[in-house]
Q: 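Got a structure here, written out as structure tokens. Questions coming.
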Amino acid sequence: MMSNLSNVDQITNLHRNNELQLLCFRLEKDKDLYAVNVFKIREVVKYRGDITVVSHEGSSLIEGLITIRELTIPLIDLRKWFYYDARDKGRNLEGCGVKREPGEDEVIMICEFSKWTVGVRIYEADRILNKKWTEIEQSAGIGNSGLNSKLVSRTRYFDGRLVQVVDIEKMLVDVFPWIEDEKNAEMNKIRQIVTNNEVLLADDSPSVIKTMQNILNKLGVNYKSFVNGQKLLDYVFAESTDVSKIGIIITDLEMPEASGFEVIKQVKASPLTAKIPVVVNSSMSGSSNEDMARSLNADEFISKSNPVEIEEALRKFMIK
């Protein structure tokens with residue numbers, strides 16, 4: 001159907017211009033439009049093969065395992081996840097999934113992020129939307145349950161209809177809770193860092209901000225959190241900010257208003273801030289992202305919210 005959605009050169013140019021591409025899709029016929037950044041999608045496929053069931057529990061978020069071109073991956077039903085509540089993990093989700101007529105092909109997004117590859121079942125893929133990050137509005141995204149906590153931002157379709165951007169990392173954590181368990185085990189390995197300088201952190205995902213705050217608290221460093229790149233830039237370049245106290249900036253790449261690439265570009269372009277180390281904390285896997293971030297003079301590229309890598313980066317750049 002759609003393959004190689006994330007053409008590296010094209011994506012690189014988009015980032016340089018503070019733009020992004022969103023794949024719009026639906027979970028029900030003629031219903032609401034949702035979207036995911038195309039850079040997280042390897043392809044969208046029609047699938048009629050077997051689904052190997054791995055759990056018979058009605059509360060399971062994993063539909064089973066599918067094999068596409070010799071690659072076996074877990075299949076997650078996105079509509080079912082929308083009904084999932086972290087406070088009621090035993091809730092029966094049968095009947096909440098994407099509904100199809102008998103004999104119809106499945107439509108599956110093959111997503112890659114945080115070094116994971118998963119299949120995500122949707123009703124239909126719509127089209128790709130080109131947007132500037134300034135056209136992406138932050139969603140409330142507050143709370144531990146309900147649909148709000150699963151949507152990270154919103155924008156408008158060609159005809160003005162609402163398009164809501166899904167927090168795909170949040171889905172990953174809900175579906176595979178042991179990822180967080182692994183992270184907690186890693187947390188026990190990190191040790192306090194003594195520094196008077198502060199860490200600036202930018203990420204639009206409330207779940208990521210919370211994880212990062214836990215890591216930085218364990219490291220014992222002062223920090224300020226920002227919900228997007230523009231808010232961080234506003235703080236950095238405010239007259240009242242003492243730039244000499246900023247020890248490091250840790251930024252996501254995908255954010256409304258100003259992306260992480262824009263943060264790197266502006267911080268490194270100003271003589272006032274060019275020496276501040278900028279570390280990219282991203283789930284957008286692929287060497288092209290890392291190459292792009294480094295071409296803009298990012299100092300380090302770490303996998304999303306990895307406690308050990310964050311400690312190493314802080315020791316490397318903040319302890320002189």
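Just so you know, these numbers come straight off a predicted model, no measurement behind them.
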Q: What's the spacing between S59 OG and R91 CZ if we round to 0.5 Å?
A: 11.5 Å

Q: Is any NZ, NE, NH1 or NH2 atom of the basic residue among K80 and E94 found under 4.0 Å from an Asp or Glu carboxylate oxygen of the other?
A: no

Q: Could you check whether any side-chain heavy atom of V44 comes within less than 4.5 Å of a side-chain heavy atom of I110, counting everything from C-beta outward?
A: no

Q: Counting only heavy atoms from other residues, nucleotides and ligands, does the tally under 6.0 Å from NZ of K132 exceed 12?
A: yes

Q: Just one of D77, I73, I66 clears the side-chain contact (heavy atoms from CB on, under 4.5 Å) bar with I108, so which one?
A: I66

Q: Out of curiosity, I250 CD1 to F317 CZ, how far, rounded to the nearest 0.5 Å?
A: 10.5 Å

Q: Keeping the roles fixed (side chain from R79, backbone from G97), state whether a donor-acceptor pair exists under 3.5 Å.
A: yes

Q: Can you tell me if CG on D50 sees more than 12 non-hydrogen neighbours from other groups inside 6.0 Å?
A: no

Q: Looking at E104 and R48, does any basic side-chain N land under 4.0 Å from a carboxylate oxygen?
A: no

Q: Nearest 0.5 Å please: distance from the CG atom of D252 over to the CG atom of N281.
A: 7.0 Å

Q: With no hydrogens and no angle check, just 3.5 Å: does a side-chain donor-acceptor pair link Q230 and D234?
A: yes

Q: Do V221 and E198 come close enough that some side-chain heavy atom pair is under 4.5 Å?
A: no

Q: Is there a chain of hydrophobic side chains (I, L, V, M, F, W, Y, each step under 4.5 Å between heavy atoms) that links V199 to I190?
A: yes

Q: What pair of heavy atoms forms the shortest contact from V279 to A313, and how long is it?
A: CG2-CB, 4.2 Å

Q: Taking all heavy atoms of C111 and all of V120, pick out the closest pair and write down the distance.
A: SG-CG2, 3.9 Å

Q: What I want to find out is whether E43 reaches R69 closely enough, with some N-O distance under 4.0 Å, to be called a salt bridge.
A: yes

Q: Is any side-chain heavy atom of N228 less than 4.5 Å from a side-chain heavy atom of E254?
A: no

Q: When you compare the side chain of T155 with that of E137, does any pair of heavy atoms fall below 4.5 Å?
A: no

Q: Can you tell me how the ring of W116 sits relative to the ring of F176, calling it parallel under 30°, perpendicular over 60° and tilted otherwise?
A: parallel

Q: Which heavy atom in V166 sits nearest to a heavy atom in V36, and how many Å separate them?
A: CB-CG2, 4.4 Å

Q: Look at R315 together with E311 and state whether they make a salt bridge at an N to O cut-off of under 4.0 Å.
A: yes

Q: Are R87 and D85 close enough for a salt bridge, meaning some N to O gap below 4.0 Å?
A: yes

Q: Taking atom types as modelled, find out whether N37 and Q21 have a side-chain donor-acceptor pair closer than 3.5 angstrom.
A: no

Q: Please report the closest heavy-atom contact between L22 and A35, naming both atoms and the distance.
A: CB-CB, 3.9 Å

Q: Quick one, F82 and L27 - any side-chain contact, counting heavy atoms below 4.5 Å?
A: yes

Q: Any side-chain heavy-atom pair from K150 and M171 closer than 4.5 angstrom?
A: no

Q: Test side-chain contact (heavy atoms from CB on, under 4.5 Å) on I249 and V236; report intermediate values, then the result.
A: CA-CA 10 Å; I249 292 171; V236 169; 4.3 Å; yes

Q: Would a hydrophobic clustering, with Ile, Leu, Val, Met, Phe, Trp and Tyr connected at side-chain separations under 4.5 Å, put V53 with I76?
A: no

Q: Count I, L, V, M, F, W, Y as connected when their side-chain heavy atoms are under 4.5 Å apart, and connections chain through other members. Are I168 and L61 then in the same cluster?
A: yes

Q: Between Q266 and F261, is a side-chain contact (heavy atoms from CB on, under 4.5 Å) present by the stated rule, with each step listed?
A: CA-CA 9 Å; Q266 290 196 32; F261 291 102; over 6 Å; no

Q: Taking E135 first and then R154, would you say they form a salt bridge - that is, a charged N and a carboxylate O separated by under 4.0 Å?
A: no

Q: When rounded to the nearest 0.5 angstrom, what distance separates CD1 in I246 from CG in L200?
A: 4.5 Å

Q: Please test F25 against Y123 for ring-ring contact (aromatic ring centres under 6.0 Å, His included), starting from the C-alpha separation and ending with a verdict.
A: CA-CA 7 Å; F25 60 88; Y123 178 76; over 10 Å; no

Q: Donor-acceptor pair, distance only, cut-off 3.5 Å: does the side chain of K131 make one with the backbone of R156?
A: yes

Q: Evaluate the side-chain proximity of L78 to Y34: yes if any heavy-atom separation is below 4.5 Å, no if none is.
A: no

Q: Could you tell me which non-hydrogen atom of R161 sits nearest to which non-hydrogen atom of D159, and how far apart they are?
A: NE-OD2, 2.8 Å

Q: Hey, what do you get for CG (L201) to OG (S225), rounding to the nearest 0.5 Å?
A: 4.5 Å

Q: Go through the steps to decide whether E312 and V308 satisfy the test side-chain contact (heavy atoms from CB on, under 4.5 Å), and finish with yes or no.
A: CA-CA 6 Å; E312 287 171 356; V308 172; 3.6 Å; yes

Q: Looking only at the side chains, is there a donor atom on one of D203 and S205 sitting less than 3.5 Å from an acceptor on the other?
A: no

Q: Let's go through K40 and E169 carefully: what are the C-alpha distance in whole Å and the side-chain angles of both, what is the deciding distance for salt bridge (charged side-chain N to carboxylate O under 4.0 Å, His left out) to 0.1 Å, and is it a yes or a no?
A: CA-CA 10 Å; K40 291 183 178 172; E169 284 91 355; 2.7 Å; yes

Q: Should R121 and E106 count as an ion pair when the cut-off is N to O under 4.0 Å?
A: yes

Q: Would you find a donor on one side and an acceptor on the other, under 3.5 Å apart, between the side chain of K231 and the backbone of E257?
A: no

Q: Applying side chain to side chain donor-acceptor pair (under 3.5 Å), can you list everything that pairs with E124, at least two apart in sequence or on another chain?
A: R26

Q: For S153 and Q138, indicate whether the former's side chain and the latter's backbone hold a donor-acceptor pair under 3.5 Å.
A: no

Q: Does one hydrophobic cluster hold both M318 and I302, with members joined at side-chain heavy-atom distances below 4.5 Å?
A: yes

Q: Might you confirm whether atom CG of N196 has over 12 heavy atoms from other residues, nucleotides or ligands at distances under 6.0 Å?
A: no

Q: For I62 and V175, what are the C-alpha separation, side-chain angles and deciding distance, and is it a side-chain contact (heavy atoms from CB on, under 4.5 Å)?
A: CA-CA 7 Å; I62 301 174; V175 175; 3.6 Å; yes

Q: Should the heavy atoms of other residues, nucleotides or ligands under 6.0 Å from NZ of K99 be counted, would the total exceed 12?
A: yes

Q: Does some side-chain heavy atom of L162 sit less than 4.5 Å from a side-chain heavy atom of L33?
A: no

Q: What closest approach, in Å, do S305 and V208 show between heavy atoms, and which atom pair accounts for it?
A: OG-CG1, 3.7 Å

Q: For salt bridge (charged side-chain N to carboxylate O under 4.0 Å, His left out), just list the numbers for K268 and D299, CA-CA rounded to whole Å, side-chain angles, deciding distance to a tenth of an Å, and then say yes or no.
A: CA-CA 10 Å; K268 294 301 183 181; D299 296 273; 2.9 Å; yes

Q: Would a single hydrophobic cluster contain both V173 and M109, if residues Ile, Leu, Val, Met, Phe, Trp and Tyr are joined by side-chain heavy-atom contacts under 4.5 Å?
A: no

Q: Taking T241 for the side chain and V243 for the main chain, is one N or O donor matched with an acceptor at less than 3.5 Å?
A: no

Q: Just verifying a value: how many Å separate W133 CH2 and D204 CG, rounded to the nearest 0.5 Å?
A: 6.5 Å

